[in-house]
Amino acid sequence: MTTIQFPDNIKWGAATASYQIEGAASEGGRKPSIWDVFSHTPGKVRRGDHGDEACDSYHRYKEDVQYLKELGVDMYRFSIAWPRVIPNGTGELNPEGVQYYRNLINELIENDIEPMITLYHWDLPQALQEKGGWESRETIDAFEAYAKAMFEEFGDVVSKWITINEPWCASFLSNYLGIHAPGKTSLQAGVDVSHHLLVAHGRAVKVFRDVVPNGEIGYAPNVGWMEPYTDRQEDIDACKRAMMWQKEWFMDPVFKGSYPEELVQLFKKEGADLKLVDGDLELISQPIEFMGINYYTGSLGRYKEGEGLFEAEEIPLDNRRTDIGWPIYADGFYRVLKDLNETYGDVPIYITENGACYNHEEKDGEVNDKERIDYLKQHLASISRVVEAGVPIKGYLVWSLLDNFEWAFGYEMRFGIIHVNFRTFERTPKDSFYWYKQTITNGWFEV
Ligand code: IFM
């Protein structure tokens, strides 16, 4: 047996997002987001699933907080639904929507759990989409006003904030690959949205300094890892290009104040221009307190002529995949964190998401999800290694507290450490819940 140990000061947590868990889509003054519209469009989400009811957390948040308390976490990361608090995207605050989050925050604090708020986890008010959505710079202004209002409402009791979750998904997956809302398939739209999201991040950070002077703010990009298949230069270059799409494109502007020129030129060759306005890069690159990292998967990569934008062919390390089909690559987690630290320096890191999709069902009040425990053990072992290597990891938040609406996969794909029956909304903690609880209590586990 080997003991995998964590420092005493590491913060443990769990994460969710508004559209994935809240439900109550048309209650309390909430108006539609782009995900309401997208999920109700036939053919966009498996089985026609949608977030109308989701996990019904809007009504069951107290029960969910009790599970967090039982789990023993230090932090809970959740997102605010912009269309719940500002239903039209701009204008008046909706007091009922604001009250819901105030209640949730109070409940967390009363139970000694620190809230970590994400401002944008993809549920853009549909009213803004109708005016151009993130392709329009007006949405940046709207986001700044929304962020300011939330800082003013909650900044006195919540100190940790995340501006944008997974900007790669909210831009390229949603506007170039067409898989997420709003479902566009234009590279120019992907590039425009990616840049506007980063400017919106910068504008929110600027306001945050005035409104919550002692708070901590960051953002949460998703990164995978691609390890060259051989040490042939063409494989190394192909992996570098593919990684650049998630890593350098979304991190260089924030930490270096520039976009990677190689990718700017590659997009240009494909007919998509990066449109910078004076002052954008200064805004985007304002100092932040932490980087949030979401990691799930990785692979080997080999150069293949004509393969996608980057001529990089993805080759799984072996045949181990989670139920959503993503290759398992725990060592990639170590490598990507090490690499980020070497590239951007000692920026404090929260692992804002990491977890696995396994679709075990509940049987006699139990869910035996050994595979998820194995996945968590391997990935947490990578965290322990990278901490020992000197990378400043401040916290780890498992994705997710609950099985929930997994976007284009609907409810078929389960990431929770708590099973949810989507007919009755009954919650059943899985074996992984108890394993994680034990790990939090001990600060170590054995392999
Ligand atoms: O469910 C998502 C989450 O909303 C964003 N990060 C990845 C998770 C699993 O796909």
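One-based numbering, in listed order, for ligands and for the atoms of each.
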- request: Assign the ring pair Y58 / Y100 to parallel, tilted or perpendicular, where the plane angle (0 to 90°) is split at 30° and 60°.
  value: tilted

task: Find the distance between NZ (K160) and OG1 (T118) and round it off to the nearest 0.5 Å.
output: 13.5 Å

message: Can you classify the ring geometry of W168 versus F172 as parallel (below 30°), tilted (30 to 60°) or perpendicular (above 60°)?
response: tilted

message: Just to verify, what does E53 make a salt bridge (charged side-chain N to carboxylate O under 4.0 Å, His left out) with, not counting sequence neighbours?
response: none

task: Mind checking ring-ring contact (aromatic ring centres under 6.0 Å, His included) for Y101 and listing every partner two or more places apart, or none if nothing turns up?
output: none

statement: By chain and number, the residues contacting ligand 1 below 4.0 angstrom (heavy atoms only) are Q20, H121, W122, N165, E166, Y296, W326, E353, W399, E406, W407, F415

task: Please collect all salt bridge (charged side-chain N to carboxylate O under 4.0 Å, His left out) contacts where either partner lies in residues 339-358, sequence neighbours excluded, each pair once.
output: R77-E353, K247-D339, K338-E342

